[in-house]
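Okay, structure first, notes after.
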Protein chains: 2
Amino acid sequence: MATIEEVARAAGVSTATVSRALRQQPGVSERTRQRVRTVAEEMNYSISRSASGLATGRTRRVGVLVPFVSRWFFGQVLAGAEEVLRSAGYDLMLYVVGDEEGRERFFRELPLRRSVDAVLVLTLSLSTEESDRLRELDVPLGFVGGRMDGFNSVWIDDHGGGMLAVRHLLNQGHTDIAMIHGGAPDALNLPAPHERCTAFRDAMAEHEIPVRESWLGTGDFSVSGGRRAMNRILADELRPTAVFAMSDEMAFGAMHALRNHKIHVPGEIAIVGFDGHEMSECSGLSTVVQPVRQEGGTAAKLLLEQLEQGSTETRDVVLPTELVVRSSTTGDDSM
Amino acid sequence: MATIEEVARAAGVSTATVSRALRQQPGVSERTRQRVRTVAEEMNYSISRSASGLATGRTRRVGVLVPFVSRWFFGQVLAGAEEVLRSAGYDLMLYVVGDEEGRERFFRELPLRRSVDAVLVLTLSLSTEESDRLRELDVPLGFVGGRMDGFNSVWIDDHGGGMLAVRHLLNQGHTDIAMIHGGAPDALNLPAPHERCTAFRDAMAEHEIPVRESWLGTGDFSVSGGRRAMNRILADELRPTAVFAMSDEMAFGAMHALRNHKIHVPGEIAIVGFDGHEMSECSGLSTVVQPVRQEGGTAAKLLLEQLEQGSTETRDVVLPTELVVRSSTTGDDSM
DNA sequence: ATGAAAGCGCTAACAG
DNA sequence: CTGTTAGCGCTTTCAT
């Protein structure tokens, strides 16, 4: 593999000139630049990022932290971020820290130390120690899924989105509304889901409708969890007429449970989800759509801007949500 | 950020000793090793991978190529690979090359050249030029989704799996069987899907049942594509009594189409998918399960083995599939 | 506009 | 067992 020195020799110039020419830096005549480029191309030269990184201190890589890659939501956010980073010429180092062990190890060893120019944290709730540890890295930081001091933050109005969903049910005349939430707030949980819960209670309070505790279920943000939660709710002596699921995947699970019980949606029970999962459309699920890919992309952009400007100033962006009404709450299409 | 030299000075030894001590190399007394470790820890030292990489030529990083991250299947395979790589102490550089533009750019610039120790290609069908380009990298190569010369390859018996599915339908007495395939073979398509098609024809031939061309639909491997394909098939003058979808996601789409048409599954039309998608269980979809995460994990392992041994010998592994029968073909659970 | 030379932080002989 | 030293391939003054 050709080195810069070989290219320099072949082109009859110094390594400094090659370096300048290839990086579009000023101070090289157009003729020389062309020649260097041609020679480099012919020799199939490619820069050693290690050497370049060592010399400059910049790596042109950004580290991306995600709890999972195997769930729809995270895959989408990651895809959005990846696209932006890639087209800016940055490489992406992926760290999946969903399990406690991997997470602990990651923050202990911090394998990305000195090997990324910036870090992007995707919908992963960090403890104070963890976020401090990242701040110590002294590189631009980005965060998706909430507000975070010292991080360029991108999030959606979860409370507003939740209100949208619940008010929609209320407007349909429902008063007996169940809720399927993600689960007990733990290290993985973000403010976001919690906001959606609060929205539920607030919207209910707005209409002075009491919340029935046995209609609140934990769905673990998974399809099967949603199904279990729905079954548990159905086991109550009273049956709700509507359900607000805090993620579409849980809503899908709930819908399956209802189908098993031969309960008609929306006739007997209406259901609304949250996310805008690709399958919500053909499932006929009403849902609060959030711009998932854009959340990742925007965070990446903020990071890049900070990187270019070398500033320490972080920015916050709130992205919009939108209620999409389908047959699971109105029944007026043919589903 | 502390350098090795500062650590050396603080510990009262040479940089060489620090280097040896920290990398568990022989030739350092236990006392010294301990002291160095303590000092390094106190100073919050962490190695510069750039410097280390430059000196050794090894990066402890592996590049992973995927067409998408935002689809279930790819997310799973990636997750499997990531886990293995991480626990072996390798960092993962992610390259998403699903779109033609990004792909073209990737293979032209080969950003991972000189910055990874190995490359893993996940279910991405490579042209001859593309795979040659990777071979030129002269690092261990891995491939998931088919056999590939010069690559450690991991795949499943797609033909056998397809036979499993179709024979299952035939054994239920079906003769009027439709098929929803991924689409025209293009750059993204792998041998795998094609094998499943062949299996369909072979199984039908086995029973001397002619294939009705208007019952073959293109579903683009997506949920909505599966729905469209099913609708097109239903537009035929004759209606099949069973459908073989080459992915679960397309099967989901097809099931939704059937529901819209008020066609009972499996009573009027039975359906079997392929993959073992997490949602197949609660959808009651019969499917050919493949060990998705394991495919990624196994490929990563093969790669690591080759890396450790420094050998040039690649290995092939075929992973098993299994037919899981649910209500979409038998109707004997309560779905 | 171009080149010479001094690092960047680490590892790997080679000595001792 | 430990230290000295010469790079690894690039970038960046500082000269010319």
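Residue numbers start from 1 in every chain, and the chains themselves are labelled A, B, ... in the order their sequence lines are given, proteins ahead of strands.
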### Message
What I want to check is whether the side chains of A:D91 and B:Y95 have a donor and an acceptor closer together than 3.5 Å.
### Response
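Distance-only check passes for A:D91 and B:Y95.
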### Message
Quiz question: by atom type and distance under 3.5 Å, do the side chains of A:T59 and A:D117 form a donor-acceptor pair?
### Response
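The answer is yes; a qualifying pair exists.
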Is the phosphate of [N] approached by [X] (side-chain N or O, under 4.0 Å from OP1 or OP2)?
X: A:R23; N: D:dT12; answer: yes
X: B:S52; N: C:dT11; answer: yes
X: B:S29; N: D:dT2; answer: yes
X: A:T56; N: D:dT11; answer: no
X: B:S48; N: C:dC10; answer: no
X: B:S14; N: D:dG3; answer: yes
X: B:S19; N: C:dA12; answer: no

### Message
Need to verify one output field. Residue with the more 5' nearest nucleotide on DNA chain D, A:L54 or B:P26?
### Response
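Looking at DNA chain D, the more 5' nearest nucleotide goes with B:P26.
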### Query
Pick the nucleotide of DNA chain D nearest each of B:A55 and A:V18; which residue has the one closer to the 5' end?
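Per heavy-atom nearest nucleotide, the more 5' residue is B:A55.
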### Task
Report which part of the nucleic acid A:T32 touches: base, sugar-phosphate, or nothing (heavy-atom distance under 4.0 Å, all strands).
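Sugar-phosphate, no base atom in range.
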### Query
A:R49 near the nucleic acid: base, sugar-phosphate alone, or nothing, with a heavy-atom cut-off under 4.0 Å?
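Contact class for A:R49: none.
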### Message
Is there, by distance only and without an angle test, a donor paired with an acceptor across the side chain of A:R20 and the base of C:dG3 below 3.5 Å?
### Response
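Side chain to base: pair present.
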### Query
Is the cationic atom of B:R133 (NZ for Lys, CZ for Arg) positioned less than 6.0 Å from the six-membered ring centroid of B:F107 and within 45 degrees of its normal?
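Verdict for B:F107: no cation-pi partner in B:R133.
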### Task
Measure from the side-chain N and O atoms of A:R33 to the backbone N and O of A:Q25, and report whether any donor-acceptor pair falls under 3.5 Å.
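Such a contact is found between A:R33 side chain and A:Q25 backbone.
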#### Entry: Nearest-nucleotide pick for B:V13, side chain only, options being D:dG3, C:dA4, C:dC8
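Of the candidates, D:dG3 comes closest.
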### Message
Checking contacts here: which listed nucleotide (D:dT2, C:dA5, C:dC10) is nearest the side-chain heavy atoms of A:A16?
### Response
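Comparing D:dT2, C:dA5, C:dC10 against the side chain of A:A16, the answer is C:dA5.
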In whole Å, what is the span from the [atom1] atom of [X] to the [atom2] atom of [N]?
X: A:I4; N: D:dT11; atom1: CD1; atom2: C1'; result: 8 Å
X: A:R60; N: D:dC10; atom1: CZ; atom2: P; result: 16 Å
X: A:Q25; N: C:dT2; atom1: CD; atom2: P; result: 14 Å
X: B:R114; N: D:dC8; atom1: CZ; atom2: C1'; result: 10 Å
X: B:Q24; N: C:dT11; atom1: CD; atom2: P; result: 13 Å
X: A:E5; N: C:dA6; atom1: CD; atom2: P; result: 15 Å
X: B:R33; N: D:dT2; atom1: CZ; atom2: C1'; result: 13 Å
X: B:R9; N: D:dG3; atom1: CZ; atom2: C1'; result: 15 Å

### 4.5 Å side-chain heavy-atom contact, A:L78 and A:L94
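A:L78 vs A:L94: side chains touch.
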### Message
Within the 4.5 Å heavy-atom criterion, are B:R103 and B:E130 side-chain neighbours or not?
### Response
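Heavy-atom side-chain distance check passes, below 4.5 Å.
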### Task
Hey, which sits more toward the 5' end of DNA chain C by its nearest nucleotide, A:V28 or A:T15?
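Comparing both residues, the 5'-ward one is A:V28.
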